[in-house]
Student: 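The structure that follows is given in the form of structure tokens.
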Amino acid sequence: MAAAKAPASAGNETYLEGLNPEQREAVLTTEGPLLVLAGAGTGKTRVLTTRLAHIIGTRLAWPSQTLTVTFTNKAAREMRERALSMLGEAGEGLRWLGTFHSISAQILRKHAELAGLKSTFTILDTDDQVRLCKQIILAENIDPKRWTPRFLASLIDGWKNRALTPGKVPPEEAHQFADGKGITCYQIYQNRLKVLNACDFGDLLIHNITIFQNNPDLLKEYHDKFRYILVDEYQDTNVAQYLWLRLLAQGSQNICCVGDDDQSIYGWRGAEVDNILRFEKDFPGAKVIRLEKNYRSTKHILAAASAVIANNKGRLGKTLYVGDDNAIDEIDAAKVKVRGLWDGEAESRLIADDIESWVSKGGKHDDCAVLVRASWQMRAFEERFIMLGIPYRVIGGPRFFERAEIRDALAYLRLVRSPDDDLAFERVVNQPKRGVGNTSLIKLQSYARQDGRSLFTLTPMVLQTDEIKGGAKRGLTQFIDHVNLWRDKLANGMPHTELAETILEESGYTDMLQKDRSPQAQTRLDNLKELVRAMGEFDSLAGFLEHIELVMDTSAGGAGEDQVQILTLHAAKGLEWPVVFLPGWEEEVFPSKRSMDESGLKGLEEERRLAYVGITRARQQAYISFVANRQIYGRWQSVLPSRFVDELPHDHVEAVSETGYSGMPGGDTGFTGSVEDLGERSNYKSPGWKRLKENAGRFDTRPPKDATNLSATSGGPETFRKGQRIFHDKFGYGRIAHSEGNKLTVDFEKSGRKKVIATFVQPA
DNA sequence: GATAAGAGGGTTTTT
DNA sequence: CCCTCTTATC
């Protein structure tokens, strides 16, 4: 971009072409609170980046005097890249650009003692939290089956999202858990964290808030430090984050938030859309500007997304329109395609084919993304892509840092750095096996509880008594000695990667895996090597631990390669691609059953916003698909098309049934045309669709093993027509020979053989 | 205390 | 279906 080289103040103007003069001035006016309400693809991030560049470029503040907050690490990374490309060297030193959590962690490290912590505190992940909750539940004699640790953890999380410390939880809510013990557990939990010298994600913000509230002088320092505050995705802030921002913004009042109420998709994590609706009240004198001109997508994509989101009540409401200078020639723009298929395999096959043909026409894999509702849906695509050799990258997915071996290695490192970290101690004290079993651990824990000291500091004293004998004693002694030795090495300046290797070697962990002949063992060793490699990118152990505790991000490698991206809808927010595939639009999958069970209409509306986010990720072409049968958690189920499919506007959507699935309107005739043409056949009125609905859940429609690649059939055995042409991966093209009873026989052209390809079983 | 087999429970999204 | 936690047995 040419603007990168131009003087900052002049160059930045070119980034704001779509804004009217008044809006442009507001963005570049640097005084007072500003809210930018911006629909999808209207250049939200660009506005924010431009403002940041303007502030720095015109020397209103040094980079280190600006605070820029995002929600995801990916967004932070992107923001930094964009700012640097606009500013060049002037942008060096954007120290306070990051996620809410990473920035508040930085601040907390500096003033940890004000929150009763040491600056080496560890940050617990979800798994640690749940384990801690379990211990508390057991200690309090609560039935862990009736009141699960997970539930307690989410309850506490919810309170922290709303900035409720144990003293502030409303009494009626305190009774939600184990007949009123909820608040007690919360209190114990907090006390335990203090002893462990640890905090969880929520604490990072809560501690910040308390420290600021109790130390006005310190807060004043931060007011002076942060002269300009910029916030991305404001609609996703929770109460704690809002309070944190308000405290920091009290000084300069120069806070600029951008957001879109239609893209609020983190309600389950405590996000309050209210924050954005209330902005003008919270920040008196605030300017509000609206961006409604979309630069990203074709009119069909926009129309489809708008029509779906229009079904939501309780939104600010805005009308997006297509910029006349959009890259895509409007005349040639393709409609959004909606496709019904037999099962998930057919779906992944079709999508893989589409990607191949896109690439054969000169497109890149990079241009394509598959956006799913839940990560279990990713596997089908991975399998197909591997089979065809399509390069792909999973973003998010099963997380590297959540693997057992990685967590073990990290626990060793944590313990070396922070001896009070009991959770780390418990995790690795007998891993690999050292003869320290449950009994010994319970003994140690009861002593530790009495003394109020950590396991690690207390164990040497217990070892001097005869309380623990034999193998357990030997194991513990060796363990303690090792950790002390490693700690010395760290203190004496051993490089952290070398330390990690030493620990893995001397603890016997590598040995254990090498002796393990199971197929996973090699992967685990590889993962550990990868971990050490990743550590090398940081210059200290502290820096590394800080990073992984917060980031837990696997997307580091592989960026920039030409790969199809597979990710969840949540992870896709803020990103865009020319071609976007949106599979799995079935009731109970998307909108997700769980979300609707738990949050009813509110949940449904959030799911719909997710659909809106999904569609608007596409620049040129969006493909929506649903299937008749889906394997969910190992069980075959017949499923219905999502209600969101029905909400799509007929004028802008093309219904395609390339595979002869008669559950799809017109599917049994191989029809291709507009949804409007299908008229009354759509909206569940087609015979196949109707039957699907009636028979939902009644048939076990699993095809026999040798016909798993079946790609053309219908909603039930009686819907097959003789002579109907179908395709089967293994046997090629064929025509239906008989549909008798519950068996379907096909005549295959290539082999000339008749074959039973599907058996329908009606459960008793 | 270690190991193997069995029962039971939970299956969304993320910092 | 997969993973964890519990129980039984050595």
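Order of the sequence lines sets the chain letters (A, B, ...), proteins ahead of strands, with each chain counted from 1.
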Student: If you check the A/Phe201 side chain, which of B/dT13, B/dT15, B/dA2 turns out closest?
Tutor: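 It is B/dT15.
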Student: Of all the choices, B/dT3, B/dG1, B/dT12, which nucleotide is nearest to the side chain of A/Ser592 once you look at every atom?
Tutor: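 Nucleotide nearest to A/Ser592's side chain: B/dT12.
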Student: Does some side-chain heavy atom of A/Ile468 sit less than 4.5 Å from a side-chain heavy atom of A/Leu444?
Tutor: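 Counting from C-beta outward, A/Leu444 and A/Ile468 do come under 4.5 Å.
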Student: Could you state the NZ-C1' distance from A/Lys134 to B/dG9, rounded to the nearest angstrom?
Tutor: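 Rounded to whole Å, this separation is 12 Å.
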Student: Counting side-chain heavy atoms from CB outward, which of B/dA2, B/dG1, B/dT13 is closest to A/Trp268?
Tutor: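 Among the listed nucleotides, the one closest to the side chain of A/Trp268 is B/dT13.
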Student: Using heavy-atom distances to pick each residue's nearest nucleotide on DNA chain B, tell me which of A/Arg594 and A/Ser440 is more 5'.
Tutor: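 Result: A/Ser440.
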Student: For the residue pair A/Arg608 and A/Tyr612, confirm or rule out a side-chain donor-acceptor distance under 3.5 Å.
Tutor: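 No, A/Tyr612 and A/Arg608 have no side-chain donor paired with an acceptor closer than 3.5 Å.
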Student: Could you say whether A/Val436 or A/Thr72 is positioned toward the 5' end of DNA chain B, judged by the nucleotide with the nearest heavy atom to each?
Tutor: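 Here A/Val436 is the residue nearer the 5' end.
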Student: Measure from CZ on A/Arg150 to P on B/dG9 and round the result to the nearest Å.
Tutor: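 After rounding, the gap between these two atoms is 15 Å.
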Student: Could you check whether A/Lys433 gets within reach of a base, just the sugar-phosphate, or nothing at all, counting any heavy atom under 4.0 Å?
Tutor: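 Sugar-phosphate contact only - A/Lys433 comes under 4.0 Å of backbone atoms but never of a base.
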Student: How many Å lie between CG on A/Leu604 and P on B/dT12, as a whole number?
Tutor: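 Roughly 18 Å, once rounded to whole Å.
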Student: Rounded to the Å, how far apart are A/Arg407 CZ and C/dC3 P?
Tutor: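 One finds 15 Å between P of C/dC3 and CZ of A/Arg407, rounded.
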Student: Quick one: is the NZ or CZ of A/Arg109 closer than 6.0 Å to the six-membered ring centre of A/Phe121, and within 45° of its axis?
Tutor: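 Relative to the ring axis of A/Phe121, which defines the angle, A/Arg109 lies inside both limits.
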Student: Indicate, with a heavy-atom threshold strictly under 4.0 Å, whether A/Asp157 touches base, sugar-phosphate, or nothing.
Tutor: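 No contact at all - A/Asp157 keeps every heavy atom at 4.0 Å or more from the nucleic acid.
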Student: Without decimals, in angstroms, what is the distance between A/Met378 CE and B/dT13 C1'?
Tutor: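 Nearest whole value for this atom pair: 10 Å.
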Student: A/Gln377 has an atom CD; how far is it from atom C1' of B/dT13, in whole Å?
Tutor: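 Whole-Å distance recorded here is 11 Å.
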Student: Does the side chain of A/Asp408 come under 3.5 Å of the side chain of A/Tyr509 through a donor N or O and an acceptor N or O?
Tutor: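 Yes - a donor-acceptor pair under 3.5 Å links their side chains.
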Student: Could you check which of B/dT12, B/dT15, B/dG10 has an atom nearest any side-chain atom of A/Asn73?
Tutor: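 Comparing B/dT12, B/dT15, B/dG10 against the side chain of A/Asn73, the answer is B/dT15.
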Student: Is the terminal nitrogen or CZ of A/Arg192 (NZ for Lys, CZ for Arg) located under 6.0 angstrom from the six-membered ring centre of A/Tyr189 and within 45° of that ring's axis?
Tutor: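 Geometry flag: not set, cation outside 6.0 Å or 45°.
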Student: With the side chain counted from C-beta on, respond yes when A/Arg131 and A/Arg427 share a heavy-atom pair under 4.5 Å apart, and no when they do not.
Tutor: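 In short, these two side chains touch, coming nearer than 4.5 Å.
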Student: With respect to the phosphate group of B/dT15, does any side-chain polar atom (N or O) of A/Thr126 fall under 4.0 Å of OP1 or OP2?
Tutor: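 False: A/Thr126 side-chain N/O out of range (4.0 Å or more) of B/dT15 OP1/OP2.
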Student: Select one nucleotide: of B/dT14, B/dT12, B/dG10, the one nearest the side-chain heavy atoms of A/Arg269.
Tutor: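 Nearest to the side chain of A/Arg269 among the choices is B/dT14.
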Student: Starting at CG of A/Leu124 and ending at C1' of B/dT15, how long is that distance when rounded to a whole Å?
Tutor: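 It is 13 Å, rounded to the nearest whole Å.
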Student: To the nearest angstrom, how far is A/Glu233 atom CD from B/dT14 atom P?
Tutor: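 Checked: the CD to P distance equals 14 Å.
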Student: When the P atoms of C/dT4 and B/dT13 are compared, how many Å lie between them, rounded to an integer?
Tutor: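 Here B/dT13 and C/dT4 have their P atoms 16 Å from each other.
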Student: As a test of reading the structure: which of B/dT13, B/dA2, B/dT11 is closest to the side chain of A/Arg373, going by heavy atoms?
Tutor: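 Of all the options, the side chain of A/Arg373 is nearest to B/dT13.
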Student: Please classify the nucleic acid contact of A/Tyr266 as base, sugar-phosphate, or nothing, using heavy-atom distances under 4.0 Å.
Tutor: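 Answer is sugar-phosphate: A/Tyr266 comes under 4.0 Å of backbone atoms only.
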